[in-house]
Amino acid sequence: MPELPEVESARRVISRAALRRRIVAVDDSDRYVCRPHSPGELQDALVGRAITAAHRVGKSIWCDTGSGRSGGPALGVHLGMSGKIVVADRDGTEIDGGDRWEGRRQPGDYQWSRFSLEFADGGRLMLVDPRRLGRIRLDPPVDRLGPDAERISPAQFRAALSHSTAPVKARLLDQHVLAGIGNLLADQILWSARVHPARPVDSLTRAEVDRLQRATRRAVKVATQAGGVHALSLLPYRHAGAQCPRDGAPMVRSTVGGRTSWWCADEQAATG
DNA sequence: TATAGTGTTATCGG
DNA sequence: ACCGATAACACTAT
């Protein structure tokens with residue numbers, strides 16, 4: 001599920017439930033999720049330290065670590081397609097972030113825990129991730145990300161949607177251009193702004209770019225306040241046979257920018 | 001049983 | 001070198 005709103009929720013879980021807890025053990029045995037680190041590398045870097053702060057840009061989280069007065073490496077967390085952060089007590093009682101149904105047969109048993117930190121009191125922070133497309137790495141290259149979609153200024157947004165012939169949806173999804181927008185947010189933004197997803201960026205009018213900017217701000221705000229993209233109004237209409245909730249025209253589906261896209265056949269015309 | 005999928009990245013072609 | 005499209009990744013849900 002994770003797009004910016006879910007990732008922000010995960011960051012808050014870490015901030016609320018994991019700060020300043022001394023790490024006594026690390027399970028970094030999943031070679032795919034912990035690539036390109038070698039076995040034990042994450043453990044060696046983290047045992048004896050604690051998370052001191054959790055930051056986010058777009059869909060990337062990184063945690064400052066330290067022990068006493070010495071700082072450690074940043075712990076990067078990416079949730080991929082199916083990851084979530086769960087913090088649980090020694091007995092498996094979830095402190096935060098968990099869903100009872102997600103890969104959990106009994107308290108403390110997480111079938112899909114792909115990485116975990118164990119704290120001195122026996123509690124754990126886990127990356128629970130069925131598909132294993134999430135990622136844990138030290139000192140992640142967050143400087144390559146574009147401006148965060150929640151904080152981007154109108155001028156930065158106009159700059160992001162310029163100098164390109166790419167489909168506007170591909171540009172919205174490019175994390176190096178604008179960080180945090182995923183497939184569902186992109187469809188919501190384009191629908192709200194009444195812009196066809198395949199429109200070349202350099203064909204957009206100033207008015208359209210402004211509508212996209214406002215729609216981005218609104219969609220990110222709505223979803224972040226609700227804790228996830230499930231709150232987006234377009235979501236129930238992204239399926240075969242659906243009609244646009246504004247004008248009743250058919251919702252159509254195609255692939256744009258390599259992703260499944262849904263839009264209103266009438267209001268989001270192919271030419272502006 | 002077959003297919004699609006809310007994300008990222010290496011690779012390929014222009 | 002830049003840009004964009006595509007495949008691959010791993011696994012579950014429908």
Side-chain angles (χ1 to χ4, degrees), chain A residues 1-10 29-36 56-62 76-85 99 101-105 110-115 127-137 140-146 148-149 160-191 197-203 216 219-220 222-224 226-242 253-263:
Chain A
M1 300 186 41
E3 300 190 27
L4 187 155
E6 286 82 1
V7 177
E8 175 60 17
S9 295
S29 57
D30 191 308
R31 303 299 354 124
Y32 189 74
V33 167
C34 297
R35 73 193 184 286
R56 178 192 63 75
V57 166
K59 304 172 196 171
S60 294
I61 291 172
W62 70 98
V77 178
H78 199 292
L79 302 180
M81 290 274 261
S82 61
K84 64 191 310 172
I85 293 294
D99 278 335
W101 46 268
E102 183 140 18
R104 186 185 171 175
R105 285 162 181 162
Y110 285 90
Q111 185 184 354
W112 295 311
S113 174
R114 308 302 190 182
F115 172 84
L127 172 65
V128 177
D129 180 14
R131 271 179 87 173
R132 297 172 75 207
L133 293 176
R135 188 135 184 210
I136 301 288
R137 62 166 297 177
V142 291
D143 52 327
R144 296 207 294 250
L145 294 169
D148 184 85
L161 291 192
S162 61
H163 307 303
S164 173
T165 58
V168 57
K169 180 167 177 180
R171 210 68 182 157
L172 291 173
L173 291 172
D174 187 337
Q175 303 300 303
H176 303 294
V177 169
L178 173 63
I181 303 301
N183 199 31
L184 299 183
L185 270 170
D187 276 2
Q188 175 77 43
I189 290 163
L190 291 160
W191 177 80
R199 287 278 303 284
V201 158
D202 61 8
S203 78
T216 298
V220 169
V222 163
T224 302
V229 292
H230 57 81
L232 297 177
S233 68
L234 189 67
L235 209 51
Y237 306 97
R238 286 180 91 262
H239 66 83
R253 184 196 123 125
S254 188
T255 298
V256 179
R259 309 301 302 277
T260 295
S261 306
W262 291 90
W263 66 91

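Lettering follows sequence order; numbering is per chain, from 1.
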(request) Under the side-chain contact (heavy atoms from CB on, under 4.5 Å) rule, collect the residues that match up with A:S203, sequence neighbours excluded. (result) A:R199, A:P200
(message) Rounding to an integer number of Å, can you tell me how far A:L79 CG sits from C:dA10 P?
(response) 19 Å
(request) Using the P atoms only, state how far C:dC9 lies from B:dT1, rounded to an integer number of Å. (result) 22 Å
(request) Take A:H163 and A:T255, find for each the nucleotide of DNA chain C with the closest heavy atom, and name the residue whose nucleotide sits nearer the 5' end. (result) A:H163
(message) Can you measure A:L145 atom CG to B:dT9 atom P for me and round it to whole angstrom units?
(response) 9 Å
(request) Pick base, sugar-phosphate or nothing for A:R171, based on heavy-atom distances below 4.0 Å to the nucleic acid. (result) sugar-phosphate
(request) Send over the distance from A:E6 CD to B:dG7 P, rounded to a whole Å. (result) 9 Å
(request) Calculate the interatomic distance between A:M81 atom CE and C:dA8 atom P; express it in whole Å. (result) 16 Å
(message) Quick check on DNA chain B: between A:R35 and A:T260, whose nearest nucleotide comes earlier from the 5' end?
(response) A:T260
(message) Is there a side-chain contact between A:S164 and the phosphate of C:dG4, meaning an N or O under 4.0 Å from OP1 or OP2?
(response) yes
(request) Could I get the full list of side-chain contact (heavy atoms from CB on, under 4.5 Å) partners for A:P141, not counting sequence neighbours? (result) A:R137, A:D143, A:R144
(message) Students often get this wrong, so: under 4.0 angstrom with heavy atoms, is A:G182 touching a base, only sugar-phosphate, or nothing?
(response) sugar-phosphate
(message) For Watson-Crick and G-U wobble pairs within 3.5 Å on both distances, what is DNA chain B written in dot-bracket notation, | included for inter-strand pairing?
(response) .||||.||||||||
(request) For A:H239 and C:dT14, give me the distance from atom NE2 to atom C1', rounded to whole Å. (result) 15 Å
(request) Check the pair A:F115, A:V77 against side chain to side chain contact (heavy atoms under 4.5 Å, CB included), reporting the backbone distance first and the verdict last. (result) CA-CA 10 Å; A:F115 172 84; A:V77 178; over 6 Å; no
(request) Write down the distance between CG (A:D174) and P (B:dA10), rounded to a whole number of angstrom. (result) 14 Å
(message) What's the gap between B:dT9 and C:dT12 when it is taken at their C1' atoms, as a whole Å value?
(response) 22 Å
(message) Less than 4.0 angstrom between a side-chain N/O of A:W112 and OP1 or OP2 of C:dA10, yes or no?
(response) no
(message) Over all strands shown, is A:R131 touching base, sugar-phosphate only, or nothing at heavy-atom distances under 4.0 angstrom?
(response) base
(message) Which is more 5' along DNA chain C, the nucleotide nearest A:G257 or the one nearest A:R132? Just name the residue.
(response) A:G257
(message) With a 4.0 Å limit, can you tell me whether A:H78 has a side-chain N or O closer than that to the phosphate oxygens OP1/OP2 of B:dT8?
(response) yes
(request) Starting from the C-alpha separation in whole Å, work towards a yes-or-no answer on salt bridge (Lys or Arg N to Asp or Glu O under 4.0 Å) for A:K84 and A:D129. (result) CA-CA 6 Å; A:K84 64 191 310 172; A:D129 180 14; over 6 Å; no
(message) What's A:R253 touching, base or sugar-phosphate or nothing? Going by heavy atoms closer than 4.0 Å.
(response) sugar-phosphate
(request) Determine whether more than 12 heavy atoms belonging to other residues, nucleotides or ligands lie under 6.0 Å from atom NE2 of A:H163. (result) no
(message) Given 3.5 Å as the limit, does a donor-acceptor pair link the side chain of A:Q175 with the main chain of A:G180, or not?
(response) yes
(request) Show your working on side-chain hydrogen bond (donor to acceptor under 3.5 Å, both in side chains) between A:T165 and A:D202 and close with a plain yes or no. (result) CA-CA 6 Å; A:T165 58; A:D202 61 8; 5.4 Å; no
(message) Expressed as a whole number of angstroms, how long is the span from A:R259:CZ to C:dA7:C1'?
(response) 14 Å
(message) In this structure, how many angstroms lie between the P atom of C:dA10 and the OH atom of A:Y32, rounded?
(response) 5 Å
(request) Before giving the answer on side chain to side chain contact (heavy atoms under 4.5 Å, CB included), spell out for A:L172 and A:L190 the whole-Å C-alpha distance, their side-chain angles and the decisive distance to 0.1 Å. (result) CA-CA 10 Å; A:L172 291 173; A:L190 291 160; 4.0 Å; yes
